[in-house]
Amino acid sequence: MRSFAGRDILSLKEFERNEFEHLFEIADRVEPIARERRNTDMLAHKTLVTAFYQPSTRTRLAHEAAMHRLGGHVTGFSDAKMTRAGDFYQESIKDTVHMLEFYGDVIVMRHFDQGAPHEAAKWSSVPVINGGDGWGEHPTQILTDLYTITKEMGSVDGKSILAVGDHRMRTMHSLGYALSQFDAEMVILAPEEMSPLPEFLAELDEKGTNYRIVDHIDEAIETTDVIYMEPVVQPDYTKARQEKQEVYARTDAKYQVTTEVMKKAKGSSIILHSLPRRDELLPEVDDSRHARYWQEAYNGVVMRMALLSSVLGVWE
Ligand code: CP
């Protein structure tokens with residue numbers, strides 16, 4: 001297995017099965033710290049730098065919470081407009097990263113440009129973690145989600161995962177790449193204009209991801225083990241920010257999960273949603289036995305603890 005110490009986490013494209021398993025094992029080891037709401041001194045002499053060029057609640061704060069749980073320090077920005085990268089100067093990724101690398105020991109970056117964290121990693125002497133890049137990828141979210149499936153269902157293997165929502169979305173890309181390493185089926189459901197790109201499907205073919213495409217949630221709901229959701233009403237991820245709309249489009253019933261739809265689902269099936277949500281997943285489902293998105297959010301802290309401690313060399 002490749003070492004995690006000093007490694008950039010930019011994509012799940014090249015992640016190997018034993019690397020997923022290794023991170024799941026580390027997550028199990030650090031989980032009691034989060035569960036008991038303790039802060040330790042594991043990373044007492046390390047600092048995380050957050051560089052967020054797009055809004056985030058979970059990804060930035062879960063990384064920050066993870067760093068605090070491990071006794072480390074946090075600095076950074078959550079709005080590039082208040083930095084020289086987002087004002088008159090439009091400072092380049094290269095110049096910005098040549099500053100950030102001196103302010104801490106690991107950088108987590110979210111950016112509206114696909115590939116921006118990869119560009120940052122080229123210039124950074126410290127590890128760079130991709131917190132979501134344009135439509136590109138969202139590796140730490142999918143690591144969290146596969147860890148959640150493992151905890152809730154024993155294994156990712158043998159599962160049929162219905163991925164419903166916008167398939168141009170970065171989570172869907174990381175999911176498709178990751179599932180190539182498991183004996184699982186990816187069932188793709190998206191509105192036509194949000195279908196996976198042919199290039200992406202060609203990559204899945206090449207990597208050996210087992211997938212099929214359906215047109216309506218009713219075609220898969222009875223056989224699926226995991227309903228993995230993304231909104232179909234969402235912002236343009238290539239933009240720094242989109243303001244609140246006066247009127248929002250409504251999610252078509254074909255892509256919506258309701259208590260009525262869940263009556264047709266396997267009793268053991270679970271629903272994951274990386275959140276935020278709109279009306280594709282109604283709050284009426286929150287109290288059902290299927291909902292696991294709050295557990296997923298908790299695991300988001302645990303997985304970031306595993307990742308930060310791993311890239312900062314604790315386990316080697
Ligand atoms: N799931 C996720 O990436 O959420 P945020 O946009 O709030 O970070």
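In listed order, ligands and their atoms are each counted from 1. Bear in mind the structure is a predicted one, so any value in this text is a computation, not a measurement.
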Within the 4.0 Å heavy-atom sphere of ligand 1, strictly under, residues: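 Around ligand 1, where the cutoff is 4.0 Å for heavy atoms, the contacting residues are Ser56, Thr57, Arg58, Thr59, Arg110, His138, Gln141, Ser274, Leu275.
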Residue pairs involving residues 39-49 (criterion side chain to side chain donor-acceptor pair (under 3.5 Å); sequence neighbours excluded):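 Listed by first then second residue: Asn39-Arg69.
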Check: Tyr228 ring centre within less than 6.0 Å of Tyr293 ring centre: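 Ring centres of Tyr293 and Tyr228 not closer than 6.0 Å.
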Flag if over 12 foreign heavy atoms under 6.0 Å of NZ, Lys207: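 Enclosed.
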Would you call [X]-[Y] a salt bridge at under 4.0 Å N-O?
X      : Y      : answer
Asp79  : Arg241 : no
Glu222 : Lys266 : no
Arg277 : Asp286 : yes

